[in-house]
Amino acid sequence: MPKLCGVYGITYAIKGVMRIFYKYNKITEGIILKIAICDDNCADRRRLITHIERSEMLSGNVQVHEFSSGQELLEAMKDIVFVLVFLDVQMEGMDGNEIAKKIREIDASLVLVFYTGYAEPSPYTMEVQPFRYIKKNMSEIQMQLYVEEALDEMIRIGKIPTLLATMDNRKLAINPSHILYIDKYRKYTRIHLSKRAYRLYGIPKDWDGINPDIRLHEKLYVTYEQLKKYGFGWPHDSYLINMNYLQCCGNDTLQLEELEFIFKISRSKKEEFHQLKDIFLCGKYVGRGGGR
């Protein structure tokens, strides 16, 4: 079990802050955003917690989990979905670079911040797409600024629902922005990612060059209700599509980027789909559409 500054436990609850950053207060209401701090130095973990507590954009719906090793963090990620991870680069045993790669294989969408005393950024560390690189010798003012930026990004990411999927015996937390489309298959539904996302999650093709099944166990209509406000349309009973990847669309058919085949728009779904598509494209045109 992870150590909490010498005491066994994993959760440090942030003190309630009366003033919530009003830009996000309605979006994050009722959502527990989980932060992980992985560092083998207790004092360094406590320093980060102090900076997090100082933030005025958080309410009591945030939990900070402390870990003294990368193995403890990876074990916890089997059951906990973190939105923000602060990761020390230099630790005994598995170092931060190795841990970061394994973190990205589990969840490619969380906000990753390297937290280090000596190590400098390298091309290898950039491959895991860290949001920030915090040096422990920074001034308190500079560190607070970087922590605030990471928390702001965490809140932005946290308002987007994460889809919990499985691939063989592996659990995955999928960011919807990485999905091209979702279709019905037998008794479950399948997620089809963008080419870049397969690399980001560390998912190789099989011997025949085919991407493995990534499964959701919710019904398609349940997933649609979760995702329709984030740019997903339901043009046919058999699939949902991510309109962020829409390449062309007619009255009866559409095509997505990266794919050669054509999706049909069924008669029963046509009116609702085109209405939602027009709203999405209008919002995207003025800069409010979903990103990837």
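Along the sequence shown, residues carry numbers from 1.
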Can you give me the closest heavy-atom contact between Asn175 and Tyr201, atom names plus distance? N-OH, 3.1 Å
Begin with the C-alpha distance, continue with both residues' side-chain angles, and end with the deciding distance and a verdict on side chain to side chain contact (heavy atoms under 4.5 Å, CB included) for Leu246 and Phe280. CA-CA 11 Å; Leu246 200 59; Phe280 170 79; over 6 Å; no
Audit row: Glu272, Lys269, salt bridge (Lys or Arg N to Asp or Glu O under 4.0 Å) steps and yes/no: CA-CA 6 Å; Glu272 180 183 349; Lys269 298 289 185 183; 5.6 Å; no
Any donor-acceptor pair under 3.5 Å linking the side chain of Glu72 with the backbone of Ser68? yes
Heavy-atom closest contact (Phe114 atom, Pro130 atom, distance): CD1-CB, 3.6 Å
Which atoms form the tightest heavy-atom contact between Leu110 and Met77, and what is the distance? CD2-CE, 3.8 Å
Fit a plane to each ring of Trp234 and Tyr224, take the angle between them on a 0 to 90° scale, and name the class: parallel (under 30°), tilted (30 to 60°) or perpendicular (over 60°). tilted
Backbone N/O of Gly96 and side chain of Gln90: donor-acceptor pair under 3.5 Å: no
Linking I/L/V/M/F/W/Y whenever any side-chain heavy atoms sit under 4.5 Å apart, do Leu164 and Leu220 land together? no
Can you hop from Leu172 to Tyr185 via hydrophobic side chains spaced under 4.5 Å? no
Between Leu151 and Met154, is a side chain to side chain contact (heavy atoms under 4.5 Å, CB included) present by the stated rule, with each step listed? CA-CA 5 Å; Leu151 294 174; Met154 175 193 73; 4.1 Å; yes
For Asp252, is there an ion pair with Lys270 - N to carboxylate O distance below 4.0 angstrom? yes
Linked, directly or transitively: Leu84 and Val81 (ILVMFWY side chains, under 4.5 Å): no
Take Asp88 and Lys136 through the test salt bridge (Lys or Arg N to Asp or Glu O under 4.0 Å) and record every step on the way to the result. CA-CA 10 Å; Asp88 188 12; Lys136 294 179 182 179; 3.6 Å; yes
What one should report as the nearest heavy-atom pair of Ile265 and Cys249 is CD1-SG, 4.1 Å
Residues Arg54 and Glu148 bridged, charged N to O under 4.0 Å: no
Do Val222 and Ile182 share a hydrophobic cluster, counting only Ile, Leu, Val, Met, Phe, Trp and Tyr and linking them when any side-chain heavy atoms are less than 4.5 Å apart? yes
Measure up the Tyr181 and His192 rings against each other and bin them: parallel (under 30°), tilted (30 to 60°), perpendicular (over 60°). parallel
Decide, yes or no, whether a salt bridge links Lys195 with Glu258 under the criterion of side-chain N to carboxylate O below 4.0 Å. no
Backbone of Gln247 reached by a side-chain donor or acceptor of Glu257 within 3.5 Å: no
Verify the cluster assignment for Ile262 and Met243: are they in a single hydrophobic cluster under the rule of side-chain heavy atoms below 4.5 Å apart? no
Looking at Thr50 and Arg46, would you say the former's side chain and the latter's main chain have a donor-acceptor pair under 3.5 Å? yes
Evaluate the side-chain proximity of Glu149 to Phe131: yes if any heavy-atom separation is below 4.5 Å, no if none is. yes
Evaluate the side chain to side chain contact (heavy atoms under 4.5 Å, CB included) criterion for residues His178 and Ile191: first the C-alpha distance (whole Å), next the side-chain angles of each, then the deciding distance (0.1 Å), finally the verdict. CA-CA 10 Å; His178 297 146; Ile191 291 176; over 6 Å; no
Can Asp39 and Asn41 be counted as having a side-chain donor-acceptor contact under 3.5 angstrom? no
Taking salt bridge (charged side-chain N to carboxylate O under 4.0 Å, His left out) as the definition, give me every residue that meets it alongside Arg190, ordered by chain and number, with sequence neighbours left out. Asp183, Asp213
If you define the side chain from C-beta out and look only at heavy atoms, does anything of Tyr198 sit under 4.5 Å from Ile214? yes
Which atom pair, heavy atoms only, marks the closest approach of Val113 to Ala150? CG2-CB, 3.9 Å
Can you check side chain to side chain contact (heavy atoms under 4.5 Å, CB included) on Arg47 and Tyr115, steps first, answer last? CA-CA 11 Å; Arg47 185 183 179 197; Tyr115 180 54; 4.0 Å; yes
Test salt bridge (charged side-chain N to carboxylate O under 4.0 Å, His left out) applied to Glu105 - qualifying residues, sequence neighbours left out: none
In short, Asn242 meets Leu256 closest at the heavy-atom pair O-CD2, 3.9 Å
Could you check Arg215 against Tyr188 for side-chain hydrogen bond (donor to acceptor under 3.5 Å, both in side chains), going step by step and ending with a plain yes or no? CA-CA 7 Å; Arg215 302 184 181 187; Tyr188 56 92; 3.0 Å; yes
Looking only at atom types and distance, does a side-chain atom of Asp206 sit under 3.5 Å from a main-chain N or O of Asp208, one as donor and one as acceptor? yes
By salt bridge (charged side-chain N to carboxylate O under 4.0 Å, His left out) - contacts of Glu75 (at least two apart): Lys78
